[in-house]
Every structure is written in structure tokens, then in C-alpha cells.
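Comments concern the structure below.
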Amino acid sequence: MSSRNEDLAGRVAIVTGAGQGIGHEVATVLAERGATVVLADILGDKVDAAALALGERGLKADAIAFDLGDEAAVADAVVRIVGRHGRIDIVHNNAAYQTNEQRAGDLDVIHLDTGAWDKAFTVNARGPMLLCKHALPTMIAAGGGVLIHSASGFGLLGEMTLTAYGASKAALINLSRFLATQYGKQGIRSNVIAIGFVLSETAVESTPQVVKDVLLDHHLNPELGSPRDIANVVAFLASDESRFVNGALIPVDGGFTAHQPTMVDFQKLFAAAGSNQL
Ligand SMILES: NC(=O)c1ccc[n+]([C@@H]2O[C@H](COP(=O)([O-])OP(=O)(O)OC[C@H]3O[C@@H](n4cnc5c(N)ncnc54)[C@H](O)[C@@H]3O)[C@@H](O)[C@H]2O)c1
């Protein structure tokens with residue numbers, strides 16, 4: 001039996017949005033655990049460089065560039081991956097469209113740019129559906145496999161902005177359950193993680209310290225999350241250790257969505273009154 005460090009040996013994994021951030025870290029952890037990882041992204045240069053760097057460490061990594069918004073490109077990518085590696089065992093739908101321009105248009109509903117809504121759904125919900133649609137026949141023919149989807153707390157609860165992002169992540173959450181329901185008997189597991197605030201490059205750059213402080217106040221953990229914290233959970237869901245977890249929604253957020261919304265306000269109120277007791 002292989003050690004836990006090599007428990008994904010022989011498996012072929014696709015990680016979308018692997019050019020940077022959480023996806024890059026997931027690709028690294030899956031490769032460290034023995035998988036052959038295909039790093040996929042619309043940014044070809046980034047995945048080429050990342051796969052090369054993993055290869056130089058003796059890990060098994062390949063890169064492929066395609067746009068999740070383009071069904072023909074997704075279908076072609078699946079054919080190329082199967083041609084190169086013979087199988088697909090793990091799909092991690094990690095990519096999301098979250099540029100500064102996108103954020104500027106993705107506001108409250110009255111001020112929401114319709115193009116931003118369409119773009120969010122195209123990449124964040126339709127893209128994962130397309131990758132599953134085209135990868136599943138090969139996975140099922142080989143006896144099954146694992147689908148993991150990266151959603152967000154924005155897909156669970158309301159906020160003043162990022163309406164399209166939140167609605168697209170809510171769609172992804174239920175897509176995961178439909179996939180588990182439809183193909184579970186054919187050996188497919190589909191699970192979704194609701195990620196909280198994680199210090200990826202994008203999040204570090206786009207989030208002022210004052211905002212990070214507010215977010216940390218609402219965490220039950222003493223620290224904010226790192227890409228490695230997410231990657232370790234994805235690796236668990238990709239592995240046989242989680243073989244009985246199917247159709248699940250797992251928050252990976254340091255307890256951000258576990259407590260009463262009023263918790264921080266009450267802490268401040270009672271602290272001001274000289275007590276930390278409810
Ligand atoms: N970082 C956080 O705090 C946080 C919180 C909650 C959820 N998440 C989710 O985790 C995932 C990764 O987050 P991140 O912060 O690392 O993101 P990121 O923006 O750093 O990386 C996303 C990647 O997706 C790629 N991508 C975008 N559009 C694409 C397309 N059309 N086709 C192919 N690839 C495309 C980008 O090029 C980029 O490399 C996302 O799904 C995000 O919604 C992140």
C-alpha cells in the first residue's frame with residue numbers, strides 16, 4: 001500500500017485556474033501526493049511556468065490553456081488530456097472570473113452591470129458544468145472519479161455587492177449536488193467547498209488591511225486562511241480517505257459562517273459595558 005504522501009499516485013487530476021492562487025497550491029499538493037496534475041488556465045504562460053517548476057521538483061505536471069467559457073475549447077482540452085495521460089480521475093473546478101473590472105461592475109442588483117452577471121455565470125457556473133459534461137463520460141467508462149468544486153460563502157449568504165459572483169457560486173453549489181445525484185451510482189463523487197477569505201495573491205492585492213481586520217474578527221480561528229489550508233481539504237476530497245463523502249457542501253472558512261451574525265457586535269457591546277459575558 002502506498003504511503004499517504006503518495007496516495008494519489010496513478011491518478012490524473014485537472015485543476016482549473018491553476019495559474020495562480022489557490023488553484024496553483026492545489027495543483028502543488030495533489031502532485032506532492034503523487035497525482036499527475038494538469039494545470040489548466042486561460043493564462044497559458046502561467047500554467048506553462050507552474051508545470052515546469054513542479055516538473056523540476058520531480059513531480060508529474062502538465063499544462064493546458066483554454067477558456068472555460070468556450071465549450072469547443074473545453075471539449076478539445078478534455079480530448080487532449082485523455083490523449084496525453086489516458087484517463088481523468090480528479091476534476092477540481094477552481095477557476096473563477098474575478099478581475100478588478102469584473103468587481104467594479106458586479107454591484108448591488110440595481111447597479112449591476114448585466115455583462116458582469118453574464119461573465120460570472122459563464123466562467124463560474126457554466127464553465128464547471130462544461131468541464132464535467134465533457135470529462136464525465138471518460139471518468140465513468142474507467143469506473144468513476146472525483147469532482148470537487150470551489151464555491152464561496154458568497155454562494156450561501158447575502159452581501160451588499162458581488163451579486164453575480166454570489167449567485168454564480170450558489171449555482172455551482174447545487175450543480176455539485178446534481179452531479180452527485182446523477183452519477184453517484186457510476187462511481188462519481190461530487191463535493192463542493194464553500195471557501196472563506198483566503199490570502200491568495202488576488203485576495204492580498206485587492207483587500208485593504210482594514211477589511212482583512214473586519215474579516216478576521218468574524219473568524220473563529222485566530223488567523224485567516226492560506227491557499228494551503230484549502231489545498232489540503234481538496235486533496236482529502238480527491239483521495240479515497242473521503243470515499244463516503246458525496247454530494248456534500250463543506251465550509252472551509254475558519255468558522256466564518258458557523259456563528260450568529262451578531263456575534264462580533266455583541267462582543268463589542270459587552271466589552272464596552274465591561275463584560276465579555278452574554
Ligand atoms: N481567495 C479567496 O479569498 C476566496 C474566497 C472564496 C472563494 N474563493 C474561490 O476560490 C477559487 C480560487 O480563488 P483565487 O483567489 O485563487 O482566484 P484567482 O483569481 O487568483 O485565480 C483564478 C484563476 O482562474 C483563471 N480563470 C479566470 N477565468 C478563466 C477562464 N475563462 N478560463 C480558464 N481559467 C480562468 C484565472 O486566470 C486565474 O488564474 C475561485 O473559485 C474563488 O471564487 C476564493
Side-chain angles (χ1 to χ4, degrees), residues 14-29 38-51 63-74 76-78 91-103 106 116 118-131 148-157 159 162 164-173 175-176 192-207 211-212 214-216 218-219 223-231 233-234 249-254 256-257:
I14 307 174
V15 181
T16 67
Q20 62 187 38
I22 295 170
H24 179 258
E25 194 70 5
V26 169
T28 302
V29 170
V38 181
L39 292 93
D41 207 294
I42 198 167
L43 304 172
D45 291 352
K46 285 206 172 188
V47 274
D48 283 346
I64 193 161
F66 64 93
D67 178 357
L68 277 165
D70 178 348
E71 179 164 11
V74 175
D76 177 62
V78 169
V91 173
H92 179 206
N93 278 314
N94 164 80
Y97 189 66
Q98 36 190 12
T99 61
N100 288 336
E101 187 194 359
Q102 173 70 6
R103 274 195 203 87
D106 188 4
D118 292 343
K119 189 76 187 178
F121 271 78
T122 297
V123 179
N124 307 353
R126 185 174 177 271
M129 177 278 293
L130 288 178
L131 186 54
I148 302 145
H149 318 274
S150 283
S152 161
F154 276 72
L156 301 172
L157 300 163
E159 189 45 279
L162 293 180
Y165 176 76
S168 70
K169 290 297 188 181
L172 181 60
I173 288 170
L175 172 66
S176 176
V192 59
I193 54 175
I195 301 174
F197 182 73
V198 169
L199 293 163
S200 63
E201 295 100 314
T202 306
V204 169
E205 280 165 21
S206 63
T207 315
V211 174
K212 290 186 197 129
V214 171
L215 292 169
L216 183 57
H218 283 269
H219 279 61
E223 289 161 3
L224 294 173
S226 70
R228 182 66 52 144
D229 292 324
I230 306 304
V233 176
V234 173
L249 165 65
I250 302 173
V252 188
D253 64 2
F256 189 78
T257 52

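Indexing begins at 1, ligand by ligand and atom by atom, following the structure's order. Here the structure is a predicted model, which means the values were calculated and not measured. Excluded from the calculations below are hydrogen atoms, water molecules and symmetry mates; all remaining heavy atoms, backbone and side chain alike, are included.
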Inset, instruction - Give a yes or no on this: more than 12 heavy atoms of other residues, nucleotides or ligands lie within 6.0 Å of atom CG of Asp45. - result: no
Legend entry - By side-chain hydrogen bond (donor to acceptor under 3.5 Å, both in side chains) - contacts of Thr207 (at least two apart): none
Inset, instruction - Decide side-chain contact (heavy atoms from CB on, under 4.5 Å) for Ile22 and Val26; before the verdict, give the C-alpha distance in whole Å, the side-chain angles of both, and the deciding distance to 0.1 Å. - result: CA-CA 6 Å; Ile22 295 170; Val26 169; 4.1 Å; yes
Inset, instruction - Quick one: pull up CG in Asp41 and CZ in Phe66 and give me the separation to the nearest 0.5 Å. - result: 9.0 Å
Inset, instruction - Using the side-chain hydrogen bond (donor to acceptor under 3.5 Å, both in side chains) rule, collect all pairs that involve residues 120-130, keeping only residues at least two apart or in two chains. - result: Asn124-Ser168
Residues 195-204, side-chain donor-acceptor partners within the protein, below 3.5 Å, at least two apart:
residue : atom : partner : partner atom : Å
Ser200  : OG   : Ala203  : N            : 3.4
Glu201  : OE1  : Gly21   : N            : 2.9
Thr202  : OG1  : Gln20   : NE2          : 3.3

What are the polar N/O contacts of ligand 1 with the protein below 3.5 Å, with distances?
residue  : atom   : partner : partner atom : Å
ligand 1 : 1 (N)  : Val198  : O            : 3.3
ligand 1 : 1 (N)  : Ser200  : OG           : 3.2
ligand 1 : 3 (O)  : Val198  : N            : 2.7
ligand 1 : 3 (O)  : Val198  : O            : 3.2
ligand 1 : 13 (O) : Gln98   : NE2          : 3.4
ligand 1 : 15 (O) : Ser200  : OG           : 2.7
ligand 1 : 16 (O) : Ile22   : N            : 2.8
ligand 1 : 17 (O) : Gln98   : NE2          : 2.8
ligand 1 : 19 (O) : Gln98   : NE2          : 3.2
ligand 1 : 19 (O) : Thr202  : OG1          : 3.3
ligand 1 : 20 (O) : Gln20   : NE2          : 2.8
ligand 1 : 20 (O) : Thr202  : OG1          : 2.6
ligand 1 : 31 (N) : Asp67   : OD1          : 2.9
ligand 1 : 32 (N) : Leu68   : N            : 3.0
ligand 1 : 34 (N) : Ile42   : N            : 3.3
ligand 1 : 37 (O) : Asp41   : OD1          : 2.6
ligand 1 : 39 (O) : Asp41   : OD1          : 3.4
ligand 1 : 39 (O) : Asp41   : OD2          : 2.6
ligand 1 : 41 (O) : Asn94   : O            : 2.6
ligand 1 : 41 (O) : Lys169  : NZ           : 2.8
ligand 1 : 43 (O) : Tyr165  : OH           : 2.5
ligand 1 : 43 (O) : Lys169  : NZ           : 3.1

